[in-house]
Amino acid sequence: MRIATWNVNSVRARLPRLVPWLERQRPDVLCIQETKVRDEEFPAEPLEDQGYNLVCFGQKTYNGVAILARHRIEAVVRGFPDDGEDADRRLLGAIVGDVVFLNVYVPNGQEVGSAKYRYKLDWLARLRHFLDQSYDLGEKLVVLGDFNVTFDDRDVYDPEAWREQIHCSLAEREALRRLAEFGLHDALRELHPEAGIYTWWDHRGGAFPKDHGLRIDHLLMSPKARKACSAVFVDRDERKGKGASDHAPVVAELD
DNA sequence: ATGGTGGGTTCCCCA
């Protein structure tokens, strides 16, 4: 099974990229973030025409997550159990085949010390609590998406410039580590220990041509999923050219 | 020195 995560930064704006990408990479399951669209306005048809079932959990303007799958999508979970109606739509769980997916769009946090930063740390703690309550580590479980946090300095193009900056602060990294300590493996890192693998490059300042990137999109796998995982790669080519998202897709093979 | 670009439905906010 080929699975992938991609922050598309508006599913409607990205359709001219997303449809050919699905044709090219043919993932069995794709989890997308930042769809930025209400469910009733989600552009389902061009994706269904590619042979995908889909579930979406979105809102106007901000956030929004969706799962596309070439097989039946079951046991769909929308948001945290204690979310109100007006909560950010950042979390979507489902089962496809024998794999349990949890698609996450972690809050950006804007700036270390800000109200949004505290919201981000709190959201990561709630996610850990949700895993404890509702997920079985004995399953093939994959928690994947845009975590907006680097694990360590290998994920950062200029670690000194980014020291204690957003995506890289110690408190964010500890929150991400506590999440992984549920028993999840950072699949890309275990297969590729070298520094300099990134998934996001700012649209501003020509960051991509200079390879000024961060690795903030992750696939965190339970032991069973990790054992089945034979490859993980960043589809860096998808970040090239006009009309690209600021994130590249991350793809993994599960045997 | 607070720049720059892209997306949304904005008269600015968010990433």
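Here is the naming used below: chain letters follow the sequence lines, and residue numbers restart at 1 for every chain.
Residues satisfying the ring pair (Phe, Tyr, Trp, His ring centres under 6.0 Å) criterion with A:His212, sequence neighbours excluded, are A:Tyr157. Not counting sequence neighbours, the partners of A:His167 by the ring pair (Phe, Tyr, Trp, His ring centres under 6.0 Å) test are A:Trp200.
Atom name C1', nucleotides B:dA1 and B:dC11: the rounded distance is 28 Å, in whole Å. For B:dG4 and B:dT9, the C1' atoms lie 23 Å apart once the distance is rounded to whole Å. On the C1' atoms, B:dT2 is 16 Å away from B:dA15, given to the nearest whole Å.
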Exercise for review: Do nucleotides 7-15 of chain B as a string where each nucleotide becomes B, S or -: B if the base has a protein heavy atom under 4.0 Å, S if just the sugar-phosphate does, - if no protein is that close.
Suggested key: SSS----SB

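In this structure, A:Glu139 does not pair ionically with A:Lys224, as no charged nitrogen and carboxylate oxygen lie closer than 4.0 Å.
Cluster note: A:Val37 groups with A:Trp6, A:Val8, A:Val11, A:Leu15, A:Leu18, A:Val19, A:Trp21, A:Leu22, A:Leu30, A:Ile32, A:Phe42, A:Leu47, A:Tyr52, A:Leu54, A:Leu68, A:Phe233, A:Val251 through ILVMFWY side-chain heavy atoms spaced under 4.5 Å, whether in direct contact or through intervening members.
Atom NZ in A:Lys242 sits roughly 6 Å away from atom P in B:dG6 (whole-Å rounding).
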Extract all donor-acceptor atom pairs below 3.5 Å that involve side chains of residues 80-90 of chain A and protein atoms in other chains or at least two apart in sequence.
residue : atom : partner  : partner atom : Å
A:Asp82 : OD1  : A:Arg126 : NH2          : 3.2
A:Asp83 : OD1  : A:Arg126 : NH2          : 2.9
A:Asp83 : OD2  : A:Phe80  : N            : 3.0
A:Asp88 : OD2  : A:Arg90  : NE           : 2.9
A:Asp88 : OD2  : A:Arg90  : NH2          : 3.3
A:Asp88 : OD2  : A:Tyr119 : OH           : 2.9
A:Arg89 : NH1  : A:Gly58  : O            : 3.1
A:Arg90 : NH1  : A:Tyr105 : O            : 3.1
A:Arg90 : NH2  : A:Asn63  : OD1          : 3.1

Contacts table for residues 213-220 of chain A: side-chain donor-acceptor under 3.5 angstrom, sequence neighbours left out:
residue  : atom : partner  : partner atom : Å
A:Arg215 : NE   : A:Asp155 : OD1          : 2.8
A:Arg215 : NH1  : A:Asp186 : OD1          : 3.1
A:Arg215 : NH1  : A:His218 : ND1          : 3.4
A:Arg215 : NH2  : A:Asp155 : OD1          : 3.4
A:Arg215 : NH2  : A:Asp155 : OD2          : 3.4
A:Arg215 : NH2  : A:Asp186 : OD2          : 2.7
A:Asp217 : OD1  : A:Thr199 : OG1          : 2.6
A:Asp217 : OD1  : A:His247 : ND1          : 2.9
A:Asp217 : OD2  : A:His247 : ND1          : 3.3
A:His218 : NE2  : A:Val149 : O            : 2.8

